[in-house]
Structures are given as C-alpha cells and as structure tokens.
Amino acid sequence: MQKPQVGLVGLGTMGAALALNIAEKGFPIAVWNRTTSVTHDFHAGAGDLAARIVPTDTLQALVAAMAGPRSIILMVPAGQPVDDQLAALAPLLQPEDLVIDAGNANFHDTNRRAAAGLPFGFMGIGVSGGEEGARHGPAIMAGGLPIHWQRMRKVFQAIAARAEDGTPCADHMGEGGAGHFVKAVHNGIEYADMQMIAEVYGVMRDGLGMSAAEIAPVFARWNEGVLRSYLVEISAAVAGAADPVKGGPLLDMIVDAAGQKGTGRWTAIEAQNLGTPIPVIEAAVMARNVSSRRGERAAGEALYGPGPERVEVALDDLEQALIAGKILCYAQGFAMMTAAAGEFGWALDMPRVARVWRAGCIIRSAMLNDMAEALAEDPGRNLMLAPFFADHLRRTLPALRRVVAAGALHGLGLPALSAGLAWFDLMRTARGTANMIQGQRDFFGLHGFQRIDGLDQPHGPWAKG
Ligand code: NDP
C-alpha cells in the first residue's frame with residue numbers, strides 16, 4: 001500500500017466512522033488516538049478496510065507514516081483539545097501540510113486559528129449527520145482557503161452524502177470560519193425544526209387527546225408531502241416505537257427535558273451580535289432551556305391548574321402551520337448568513353448552502369431543493385419574498401394563525417410557531433410601530449428621530465430649552 005496522504009486524529013464516535021468512510025472510498029489513511037488501545041481496537045474491528053488503515057501509537061508515528069503533502073483531520077472535542085493538537089503537530093509538519101478541524105468548533109475560534117499564522121495549512125469544516133452520516137455520507141460545509149478546498153475536494157466529495165440528483169453534499173462555503181459558521185446555523189435550524197415538530201406533537205397530544213400510536217401515522221403521512229424530511233420521518237418512528245420494558249408507547253416514558261450541546265445557543269448569540277433576527281431559532285433554544293426546569297414547571301402547573309382543555313384544530317391545519325413555520329425559520333436563517341457574509345467578508349453562496357443541506361445532514365428535506373432554486377434567482381432577497389415561497393405562505397399562513405391562536409386560547413405553549421408568525425407580521429407591515437419607540441427615546445434621552453416628510457426637526461416638543 002502507498003503511504004497515506006490522509007490522516008486522522010481522534011477515533012471517537014465521529015472520527016472512527018469518518019476514517020472507515022474514507023478508507024472505504026479508496027483513500028489509504030493513517031490514524032492516531034490519544035488512548036492507544038482505542039486505535040488498535042478500531043483497526044482490529046475494521047474488517048476488510050483494515051488493509052487501507054495504518055494505526056499509529058504516537059503523533060510522531062502518524063506523521064512519519066504519511067507521505068507529503070499531508071492532510072490530517074482532527075476529530076476531537078471543540079476548544080482546547082483542538083488548540084493542543086495544533087500545537088503538538090506544529091513541530092512535526094511541513095508548511096505544505098494541512099490540518100483540518102472537523103469537529104464542532106465555534107467559528108470565531110476557527111477564524112482565530114486561520115489568522116494565527118500556523119506553520120502549516122489550516123481548514124475548519126462542519127460535518128453533519130451524526131455517526132451514521134460520518135460513516136455512510138455526511139454533509140460537509142468546508143471553510144478555509146480555496147487552494148486547500150481544491151486539495152481536499154476529491155476526498156470530501158467522495159465520502160459525502162449525495163442529493164437525489166447525484167450531487168455530493170460537500171462544498172466550499174468560504175474562507176476562515178465560514179464552514180463552521182454555516183454548520184452552526186444548520187444546528188440552529190435543526191433546533192427550530194425539532195421544536196416546531198414537538199409543538200404540533202403537543203397540540204395533537206394535549207389539545208386533541210391523541211395517543212402516540214395515533215400521532216405516528218400523521219407524521220408518516222406528512223412525510224409523503226411538502227414536509228418530507230429526515231426529522232419528520234424520524235418523528236413518526238419515535239412516536240410509533242413501543243417501550244421494550246413495559247410495552248405501551250416509548251415516547252410517553254421519555255422525560256420531557258431536552259439536552260443540548262450549545263450550538264443552537266451559539267447561533268442565537270451570534271444573531272444578536274449581528275443584529276439579525278432569528279426568533280424561531282431563539283424560541284427553540286429558549287424552549288430547551290425551559291424544558292430542563294422540570295421542578296418549576298410542575299410547581300407552575302400545581303399553582304395555575306391542570307393541562308389545557310381540548311382544542312378544536314384540524315390536523316391539516318397543523319401540517320400547514322408546520323410548512324409555514326419551516327419557511328419562516330429558513331428565511332431567517334438564510335438572512336442571518338447573508339448578514340454574516342457581509343460582516344466577516346465571506347463569499348457565502350446561499351444556493352450552495354441550501355444544496356449542501358439537501359442530504360446527509362439532520363435538516364435534510366425536500367424543501368431545500370426549492371430553497372436553492374429561489375435563492376439562485378436572487379441570493380440577497382429574503383426567502384419570504386421569493387414568489388415560490390410567497391405562494392406557499394399565502395396558502396399556509398391562515399392555518400398558522402389558527403394554530404397559534406388555538407394554542408394561546410387553550411394554554412398550549414407554541415413559542416417557535418408563534419415567533420415565526422410574529423416575525424412574519426412585522427415583516428409584512430410597511431408602517432410599523434417603532435415611531436413610538438423613537439418618540440420615547442427622544443423623550444427620555446434626546447436621541448432624535450427622522451420625520452416621514454423629511455422635514456428637519458431634531459427633537460419633539462418635550463425637549464426643554
Ligand atoms: P467522542 O467523545 O466520541 O470522541 C472524542 C475523541 O477525541 C476521542 O477519540 C478522544 O480520545 C479524543 N480526545 C478527547 N480529548 C482529547 C484531547 N484533549 N486530545 C486529544 N484527543 C482527545 O466525540 P465525537 O466523536 O462525538 O465528537 C468529536 C467532534 O465531532 C466534536 O467536536 C463534536 O462536537 C463533533 N461532532 C459530533 C457529532 C456527533 O453526532 N457525535 C456530529 C458532528 C460533529 P480518547 O479515546 O483518548 O478519549
């Protein structure tokens with residue numbers, strides 16, 4: 001076997017799956033893991049692929065086992081472990097070598113590392129799809145210099161998922177932290193998609209009194225239409241699963257406190273920094289935080305009464321509301337990326353982002369094809385103004401209003417769907433209400449305002465002297 005030019009550090013869940021995927025696609029690969037026994041167990045369990053994998057016991061041995069120019073993928077936890085590995089590799093590598101951080105780095109860290117003048121090339125890439133994706137086809141959002149993308153393109157596009165038209169879901173997003181930024185927005189949208197599905201599940205369960213077994217086929221049916229997506233598909237499977245311990249629906253046995261690794265929170269914080277509204281994602285992050293406050297929620301229910309009365313909502317309305325919420329959420333996410341591209345000087349190509357998300361990643365869905373087309377017509381235009389999605393929104397908005405109103409009247413919390421609707425209503429109102437805010441600001445702080453007739457008036461009559 002030729003000496004590998006590709007290497008990988010960190011044979012955890014993701015690294016092991018990615019290494020097998022790379023080897024399977026015909027690229028010899030050298031691997032190293034901090035705990036040596038993990039490396040050997042991994043190699044021993046690699047079956048036929050073991051012949052293309054070179055296990056090594058030290059970082060020095062990893063580098064020595066490879067032919068130059070080397071490309072070493074890091075799959076270790078984000079943060080200090082990445083900086084530690086970069087520092088450890090620095091004396092071992094040549095300027096033409098390349099290190100690729102494929103973990104979930106904060107894109108600010110990736111920007112910092114890319115600008116740090118490392119003695120080798122550096123790329124940060126976002127990898128989505130979990131272990132299954134890493135093994136059989138992830139979505140890859142690459143950041144870094146175009147020259148480095150060109151070098152790694154063959155490997156990344158070989159291991160990536162493929163959209164229905166055969167295009168690999170691996171592409172270059174832009175320089176520096178652009179890949180990790182797009183991955184963060186992906187994760188924020190993932191939070192929002194999941195939250196909106198959970199909200200309509202809640203209406204079915206608590207508002208319509210449906211059992212999990214009754215809810216499962218509803219999601220399965222929706223997955224045949226506009227909402228066709230991985231998350232709706234797995235929601236049907238989750239709702240339909242039986243509890244292997246006690247029988248009955250497993251969903252009813254799962255504690256209602258959602259975990260998180262924080263990437264949705266990063267997206268929400270960054271949106272605030274950029275001054276770009278992503279209220280559906282923010283609502284989803286908020287809802288996860290509220291979900292973990294089980295004691296307070298129980299005290300709240302004890303104080304304010306039991307669950308809501310039954311509510312009259314058509315299942316078709318729930319489907320339409322979910323379609324509308326999804327379009328509004330993505331419109332916000334793409335607008336945020338447009339804002340970030342301007343702020344960080346990235347040439348982010350929105351249709352390309354939509355196309356990379358079509359397969360392999362958690363938010364993959366049929367609708368992303370249409371989004372890619374609408375964004376290609378006019379990349380700078382908000383998605384809610386694209387004719388195709390405006391048609392969808394005109395059809396689905398009435399149902400979203402009915403669902404949000406029913407939730408408000410019957411005490412069913414629908415934060416993400418409500419946030420989407422409120423944002424939409426602000427965005428379709430030419431004459432808003434911030435004139436009152438400007439008046440208040442001038443009243444207490446003499447901040448000034450502009451008149452709609454263009455006349456010059458620095459302050460209102462409340463200003464003294
Ligand atoms: P695991 O916990 O399964 O594996 C972590 C790996 O990193 C192990 O090989 C571990 O080695 C190694 N490691 C940990 N700390 C250090 C260190 N300080 N120095 C060197 N090596 C270290 O994590 P995952 O595979 O799940 O995640 C890896 C990265 O991928 C993370 O950034 C994660 O956020 C990201 N990611 C994860 C996804 C997922 O679904 N799990 C999806 C997409 C991205 P050892 O065996 O010695 O402990």
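Just so you know, ligand 1 is whichever comes first in the structure, and atom 1 is the first atom listed for that ligand.
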Student: Could you tell me whether some N/O pair between Asp84 and ligand 1 is separated by less than 3.5 angstrom?
Tutor: no
Student: Identify the protein heavy atom lying closest to atom 25 (O) of ligand 1, giving its residue, its atom name and the separation to 0.1 Å.
Tutor: Met14 N, 2.8 Å
Student: Would you say ligand 1 has an N or O under 3.5 Å from any N or O of Lys183?
Tutor: no
Student: Would Asp109 and Arg112 pass as an ion pair if we require N to O under 4.0 Å?
Tutor: yes
Student: Return the CG to SG distance between Leu368 and Cys169, rounded to the nearest 0.5 Å.
Tutor: 9.5 Å
Student: With atoms numbered from 1 as shown, which atoms in ligand 1 lie under 4.0 angstrom from a non-hydrogen atom of Gly130?
Tutor: 40 (O)
Student: Per the side chain to side chain contact (heavy atoms under 4.5 Å, CB included) rule, which among Ile100, Asp101, Val182, Ile73 passes with Ile125?
Tutor: Ile100
Student: Can you confirm whether something in the protein, heavy atoms only, sits under 4.0 Å from atom 2 (O) of ligand 1?
Tutor: no
Student: May I ask you to check whether Phe107 and Trp266 place their ring centres under 6.0 Å from each other?
Tutor: no
Student: Does the pair Arg228/Glu233 count as a salt bridge with the N-to-O cut at 4.0 Å?
Tutor: no
Student: Hey, does the Lys NZ or Arg CZ of Arg52 hover above the aromatic six-ring of Phe27, less than 6.0 Å from the centre and inside 45° of the axis?
Tutor: no
Student: Would you mind running through ligand 1 and noting each atom that sits below 4.0 Å from a heavy atom of Asn33?
Tutor: 8 (C), 9 (O), 11 (O), 45 (P), 46 (O), 47 (O)
Student: Check contact between Glu132 and ligand 1, using heavy atoms of the residue and a distance below 4.0 angstrom.
Tutor: no
Student: Ring-plane angle category for Tyr330 and Phe334, please: parallel below 30°, perpendicular beyond 60°, tilted otherwise.
Tutor: tilted
Student: Is there a salt bridge (Lys or Arg N to Asp or Glu O under 4.0 Å) between Arg355 and Asp171 once you walk through the steps?
Tutor: CA-CA 9 Å; Arg355 283 194 289 268; Asp171 216 331; over 6 Å; no
Student: Should we say atom CG of Asp48 is surrounded by more than 12 heavy atoms from elsewhere, each under 6.0 Å from it?
Tutor: no
Student: Looking at ligand 1, does any of its N/O atoms fall within less than 3.5 Å of an N/O of Thr13?
Tutor: yes
Student: For atom 17 (C) of ligand 1, what is the closest protein heavy atom, and at what distance to 0.1 Å?
Tutor: Arg34 NH1, 3.4 Å
Student: Going by the atom numbers of ligand 1, which of them fall below 4.0 Å from some non-hydrogen atom of Gly10?
Tutor: 9 (O)
Student: In terms of atom number and element, which parts of ligand 1 are under 4.0 angstrom from non-hydrogen atoms of Ala78?
Tutor: 32 (O)
Student: Will you find, in the side chains of Asp57 and His40, an N or O donor that is under 3.5 Å from an N or O acceptor?
Tutor: yes
Student: Using a 4.0 Å cut-off to any heavy atom of Thr35, which atoms of ligand 1 qualify?
Tutor: 45 (P), 46 (O), 47 (O)
Student: Do the side chains of Asp83 and Arg113 get close enough for a salt bridge, i.e. N-O under 4.0 angstrom?
Tutor: yes
Student: Checking a contact table here: which protein heavy atom is nearest atom 30 (O) of ligand 1, and how many Å away?
Tutor: Met75 SD, 3.4 Å
Student: Could you check whether atom 34 (O) of ligand 1 has a protein contact, counting only heavy atoms that fall below 4.0 angstrom?
Tutor: yes
Student: Consider ligand 1: state whether an atom of it lies below 4.0 angstrom from any non-hydrogen atom of Val127.
Tutor: yes
Student: Out of Ala102, Gly12, Ser37, Pro77, who is nearest to atom 7 (O) of ligand 1 when you count heavy atoms only?
Tutor: Pro77
Student: Show which atoms of ligand 1 fall inside a sub-4.0 Å distance from at least one heavy-atom site of Asn104.
Tutor: 32 (O), 34 (O), 35 (C), 36 (N), 44 (C)
Student: Is Gln85 touching ligand 1 with its side chain, its backbone, both, or neither, if touching means heavy atoms under 4.0 Å apart?
Tutor: side chain
Student: Are Lys261 and Asn104 close enough, and set up right, to give a side-chain hydrogen bond (donor to acceptor under 3.5 Å, both in side chains), and what steps lead you there?
Tutor: CA-CA 10 Å; Lys261 289 189 185 160; Asn104 264 340; over 6 Å; no
Student: Among all the protein's non-hydrogen atoms, which is closest to atom 31 (C) of ligand 1, and how far away is it?
Tutor: Val76 O, 3.6 Å
